[in-house]
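What follows is one structure encoded as structure tokens, with my remarks underneath.
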There are 2 protein chains.
Amino acid sequence: MSKATIKDVARVAEVSLKTVSRVINNEPTVKEATRKKVLQAIEELRYQPDMSARNLRGNKSYAIALVYDNPNPYYVVDVQEGVLQACRELGYSLQIHPCNANDGDIVEELAELVRNSRLAGLVIAPPISEDDRVTDALYEQGIHLVRIISASKAPDGASPAVYVNDRAAAHAVTDHLIHKGHNNIAFLWGEEEHHSSGERFAGYRAALEEHGIPVQDSLVIEGSYSFDSGFQRANTLLSGDTPPSAIFGCNDEIAAGALAAAKSLGLRVPEDVAIAGFENSPFSKHAQPPLTTAAQSLGDIAKKAMMLLVSELRPQAVDGESASERKSEFIPELIARASTSAEAR
Amino acid sequence: MSKATIKDVARVAEVSLKTVSRVINNEPTVKEATRKKVLQAIEELRYQPDMSARNLRGNKSYAIALVYDNPNPYYVVDVQEGVLQACRELGYSLQIHPCNANDGDIVEELAELVRNSRLAGLVIAPPISEDDRVTDALYEQGIHLVRIISASKAPDGASPAVYVNDRAAAHAVTDHLIHKGHNNIAFLWGEEEHHSSGERFAGYRAALEEHGIPVQDSLVIEGSYSFDSGFQRANTLLSGDTPPSAIFGCNDEIAAGALAAAKSLGLRVPEDVAIAGFENSPFSKHAQPPLTTAAQSLGDIAKKAMMLLVSELRPQAVDGESASERKSEFIPELIARASTSAEAR
DNA sequence: GGTCAGATTGACAACGTTGACTAGATTGGT
DNA sequence: ACCAATCTAGTCAACGTTGTCAATCTGACC
């Protein structure tokens with residue numbers, strides 16, 4: 001059985017093609033009775049508009065791309081699923097575009113992608129989204145985009161953005177450790193080009209300073225967002241002269257690495273050393289002991305990002321209240337688990 | 001600057017629209033001189049055919065979906081990138097379709113997806129691809145698909161498939177351990193519904209039997225493809241009465257978990273216990289010590305899968321030799337690293 | 001009752017591409 | 001030199017949808 005078209009719907013509802021089109025597109029100039037008839041016909045025939053035809057006809061399009069250059073597959077997969085779900089709800093199709101920001105002209109690459117694939121817009125994930133040179137250049141070319149970034153306040157810039165307040169959340173995580181009695185807390189960075197790393201560090205520092213605890217350079221270590229980087233750094237720290245009583249990893253993979261390092265040194269977690277991560281990755285819950293972390297709902301974040309993008313593209317398609325909103329904040333939430341449950345010794 | 005269309009190309013090349021179309025589609029009835037003129041015009045204008053129009057016109061389509069229900073983000077991301085690259089080369093667009101095989105009627109879901117999104121075909125990844133009920137039902141509905149599965153010989157069934165010979169590779173990994181002098185080698189399963197687990201176990205068993213080493217049930221443990229599952233099982237094994245001298249994890253995450261468990265028990269790897277994984281995940285190379293594993297080039301596998309699919313869809317579009325091929329084998333390759341470099345004690 | 005503004009609906013073309021069909025050019029056989 | 005067969009290239013319509021513009025309907029008002 002082949003697919004129902006707008007034509008079939010028009011026949012069943014006894015109206016013209018155009019009227020059906022109007023109903024589909026939520027145009028206001030349709031009488032309520034007519035609208036109802038049409039909607040019923042749509043329901044009955046299980047009609048769904050054909051993306052190809054829609055994209056072809058207008059210069060509007062119902063396709064967007066998700067652009068990312070992220071080393072963390074857990075993050076990537078989560079964002080994909082969130083955006084994909086939002087796309088389904090909003091009637092868009094999704095094209096994924098993994099890329100490498102460092103080779104070639106990424107601006108040109110994305111601009112060409114938008115033209116060639118007739119895209120309505122881009123959802124850009126960190127860290128590319130945090131490079132203003134890239135996003136500004138695209139925006140100036142008239143390319144619609146929304147950024148997902150890490151920031152502690154609404155970013156400047158013309159393009160809409162969802163900003164994740166990692167700083168506030170890292171502050172909360174650090175507070176939590178301080179309240180457990182820790183005052184020599186190590187901080188393990190992720191990649192520097194991810195703003196999230198810097199923001200999380202800022203939250204860590206702010207919390208320490210608030211409690212009058214000095215930030216010790218020897219406890220703040222750079223590295224990357226990976227299990228192994230966490231393992232190695234924690235190993236060095238914990239087997240050194242003045243091991244920290246708590247370790248705050250910039251994400252859960254780092255924290256999991258730190259956890260493994262602690263165990264390999266015969267240390268008990270949380271009794272001998274407390275460990276906290278960030279991002280609430282699936283494995284953080286099942287680690288032994290489960291990891292304290294901060295949860296950001298990537299699904300909600302992605303959905304909001306799509307909403308902001310769509311309200312740029314078709315202001316009438318979204319509800320009035322949110323139509324003019326252009327920046328939206330998310331604050332990850334502290335999830336205290338066993339890996340930090342003991343009082344510092 | 002707006003996009004070049006077939007019309008522009010025709011004008012520049014001084015031929016008709018249709019002739020350009022013929023050149024694009026590799027139809028044979030074009031004189032060489034004409035073809036050259038057209039190709040040059042295409043080059044000059046940086047013309048790229050418009051997917052929407054193409055899909056709309058014929059009932060053919062140049063869009064495929066990648067269907068997966070895989071718990072491992074590393075695997076998912078790799079397969080995505082491989083298929084995506086093949087799509088670019090072959091002129092297809094890619095739609096990702098993560099799904100949950102267990103809820104709802106997956107056959108109906110996919111059939112509807114194909115109809116609604118006008119898809120030319122599906123690339124199906126494990127474990128869904130390994131459920132014959134699903135793939136047969138789809139194939140009978142006339143839906144073109146290619147499967148990526150784990151098998152030690154070409155599968156029956158009408159649909160084309162790429163089969164990864166995990167059994168042979170696991171055999172090689174086990175052989176490698178045996179040659180190092182190990183004769184009590186533990187095997188840690190992944191999820192049972194992944195054929196890869198069973199195949200890898202079959203390879204493990206075959207290698208042992210070949211060397212006259214009995215398979216000990218107490219060393220073969222079920223679980224899932226995760227770091228934590230590997231950690232826990234290895235922990236139990238290694239702290240038991242008769243710890244194995246080597247552990248073969250069904251994938252690298254399990255092996256990484258086992259590695260962490262060994263370290264946490266104060267065991268040296270590879271001196272006290274050898275550990276091997278599978279899949280050559282990015283972190284296997286950077287683990288301490290680096291993990292012995294088996295490498296499957298997901299990029300090549302995905303590309304081959306797309307080739308098989310396309311040769312179904314448009315036999316004339318691919319070279320003659322490979323046009324009739326419908327099953328293709330890949331054998332992951334043993335990568336010996338430090339985690340198994342010592343002789344068994 | 002007639003007129004007009006505004007609300008509601010419809011007819012038609014167009015988006016870029018390809019399938020079906022047709023026309024002109026070339027070749028080979030007589 | 002002529003006709004048929006074969007190659008090559010062109011014309012036109014159609015895919016499903018929406019923008020433009022015109023037609024019809026409604027009701028308020030004089």
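In what follows, chains carry the letters A, B, and so on, assigned in the order in which the sequence lines appear, proteins first and then strands, with residues in each chain numbered from 1.
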Side-chain donor/acceptor of [X] to backbone N/O of [Y], under 3.5 Å:
| X | Y | result |
| --- | --- | --- |
| D131(B) | I128(B) | no |
| N55(B) | S52(A) | no |
| R326(A) | A158(A) | yes |

Is the shortest side-chain heavy-atom distance between Q141(A) and V107(A) below 4.5 Å?
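Counting from C-beta outward, Q141(A) and V107(A) do come under 4.5 Å.
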Should N116(A) and R46(B) count as side-chain neighbours, where that means a heavy-atom distance under 4.5 Å?
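Not in contact.
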Counting side-chain heavy atoms from CB outward, which of dG19(C), dG10(D), dT17(D) is closest to L17(A)?
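Comparing dG19(C), dG10(D), dT17(D) against the side chain of L17(A), the answer is dT17(D).
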What's the closest nucleotide to the T5(B) side chain, out of dT18(C), dG19(C), dG16(C)?
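Nearest to the side-chain atoms of T5(B), counting from C-beta on, is dG16(C).
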Grab the [atom1]-[atom2] distance between [X] and [N] for me, whole Å please.
| X | N | atom1 | atom2 | result |
| --- | --- | --- | --- | --- |
| R22(A) | dA11(C) | CZ | P | 11 Å |
| R57(A) | dA14(D) | CZ | C1' | 15 Å |
| E27(B) | dA9(D) | CD | P | 12 Å |
| Q48(B) | dT17(C) | CD | P | 11 Å |
| Y62(A) | dC15(C) | OH | P | 18 Å |
| M51(B) | dC15(C) | CE | C1' | 17 Å |
| L56(B) | dT17(D) | CG | P | 9 Å |
| N25(A) | dT8(C) | CG | C1' | 17 Å |

Any T19(A) side-chain N or O less than 4.0 Å from OP1/OP2 of dG10(C):
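Indeed, a polar side-chain atom of T19(A) lies that close.
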Assuming nearest nucleotide by heavy-atom distance, tell me which of I6(A) and E14(B) is located more 5' along DNA chain D.
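Result: E14(B).
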Output the residues of residues 29-38 of chain B in contact with DNA chain C, where contact means a heavy atom of the residue under 4.0 Å from an atom of the strand; sort by number or write none.
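Close to the strand, none.
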Can we say D300(A) and K303(A) salt-bridge, meaning some charged N sits less than 4.0 Å from an Asp/Glu carboxylate O?
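So D300(A) does not pair with K303(A) through a salt bridge.
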Heavy-atom closest pair, residues A120(A) and H144(A):
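It is O-CB, 3.7 Å.
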At 4.0 Å (heavy atoms only), tell me whether Y47(B) reaches a base, stays on the sugar-phosphate, or touches nothing.
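Answer is sugar-phosphate: Y47(B) comes under 4.0 Å of backbone atoms only.
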Find which nucleotide of DNA chain C each of K18(A) and R54(B) is nearest to by heavy atoms, and output the residue with the more 5' nucleotide.
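Going by which nucleotide is closer to the 5' end, it is K18(A).
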